[in-house]
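All chains are named by letter (A, B, ...) in the order of the sequence lines, taking the proteins before the strands, and each is independently numbered beginning at 1.
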Amino acid sequence: MSSSTQILKGILEGCLLKIIAKGETYGYEMMETLHLYGFTMVSEGSIYPLLLRLKKDGLVTTSNKNTPSGGPKRKYYVLTQKGQEELNGFKENWGSISKSVNKLLREEGD
Amino acid sequence: MELSKESLDFLDDLKLYLISSGKNEEEVKEVVEELIDHLYEAEKKGKSVKTIIGKTPKEYMRAIAKEMAFDSKDLIKYITIFILGAFAFLILSNALSIRPQISLLELIGYPVLFVLFLFLVAIVFNYISSHTLSKRKEAFIYFFTGCTPLILFIGLLLWNQSFKTPTFHLGASSTIASIIIAMAIFIGVSVWSKTWVLIIIPTLIYLPQFIINHTTLNQSMKLIFSLSILFIGAVLFAFFSLLKTRKAKKKENLS
């Protein structure tokens, strides 16, 4: 796997935590939100292995509910306390990383 | 709205791949249900399964499998049940034979062969579900897999004839005890797995044989009758199983 894919995976995990932190949500809705924010390079199905990992690490909990449209049952995600702490850590790390990267790239562009 | 055939095939392959990779059945069901919901929403907007998974099906299945724990508890449970089932078949066929006896090699060899066959089936399912194969190639793999236990059993039979190991002769009371133990295993496993397979198959194999052996027909007629009943029974069983699976699938798609 290329390093850019690995980086994107790490970023995506943080972004998914942020989306879930906004309120109970499900896979398709999360994907729509990601696309809305410009993550069009992410294929839709790629969030599910990441969601599995978030659940395995105890960062989210899930529950199955009936859909209003009468379609198949839907799995909803909620952030746990551990997930919130992880999100806070991600925000902090991303803040310092993006600041440094932007600073360096801006200098390069001069 | 129903899912497209392409999506249903992908979900079937994914289910088979994850189960044959030793993942927990409940977790597999959960993952598949979540993808059904996604594909259902995506197809309403005209998207195809290819655009959703983004990679080759094999790569995507691997990515999902990587995040799921290997369920050794389930595997041990299935192997135990499989060995018990194999053991029950072995003692029942011996108990119903004219001179009930079993060698040490048979006693160990048959259950080992059953487990080896179980692993082979898992490997084959794993391979077929994650590769796009022509119908011809797929049929060849199934044929080869189907032939393997037969070849192994013949091998063991020949080995048993040339290599003598201690043989246990069953008396009248041990024969009856063997039949009761075998039947208890078949019933126990059927109740546990909530299927009739392990009651239907031994009934099809042994009951006609047992009844026909007690008639006055000559040997060749006995063989023809018991094989015909076995064959017709197997075809009917396969037909009704297929009908049941299709009905269940249809119901699942509608729900």
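Applying the 6.0 Å contact sphere to NZ of B:K29 captures no more than 12 heavy atoms from other residues, nucleotides or ligands. For B:K50, the NZ atom is loosely surrounded, since the number of other residues' heavy atoms within 6.0 Å does not exceed 12.
Closest non-hydrogen pair, B:E67 versus A:R53, comes out as OE2-NH2, 2.8 Å.
Contacts of B:A65 with chain A are absent, with no heavy-atom separation under 4.5 Å from either backbone or side chain. For B:I53, the part lying near chain A is the backbone, with the side chain staying farther off; criterion is any non-hydrogen pair under 4.5 Å.
Remark: A:Y26 OH to B:D37 CG distance equals 7.0 Å, nearest 0.5 Å. In this structure, NE2 in B:H38 is found 7.0 Å from CE in A:M31, a value given to the nearest 0.5 Å. A:L52 contributes atom CG, which lies 7.0 Å from atom CD of B:E34 (distance to the nearest 0.5 angstrom). From B:L35, atom CG reaches atom NZ of A:K75 across 9.0 Å, with rounding to the nearest 0.5 Å. Separating the NZ atom in B:K45 from the CD atom in A:E32 is a distance of 4.0 Å, to the nearest 0.5 Å.
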*asked:* Could you walk me through whether B:E30 and A:K55 satisfy the salt bridge (charged side-chain N to carboxylate O under 4.0 Å, His left out) test, starting with their C-alpha distance in whole Å, then the side-chain angles of each, then the deciding distance to 0.1 Å, before giving a yes or no?
replied: CA-CA 12 Å; B:E30 241 183 75; A:K55 194 184 173 189; 3.2 Å; yes
*Taking it one step at a time, do B:E41 and A:R74 satisfy salt bridge (charged side-chain N to carboxylate O under 4.0 Å, His left out)?*
CA-CA 11 Å; B:E41 292 296 327; A:R74 182 164 285 165; 2.8 Å; yes
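Of all residues in residues 37-51 of chain A, those placing a non-hydrogen atom less than 4.5 angstrom from a non-hydrogen atom of chain B are A:S43, A:E44, A:G45, A:S46, A:Y48, A:P49, A:L51.
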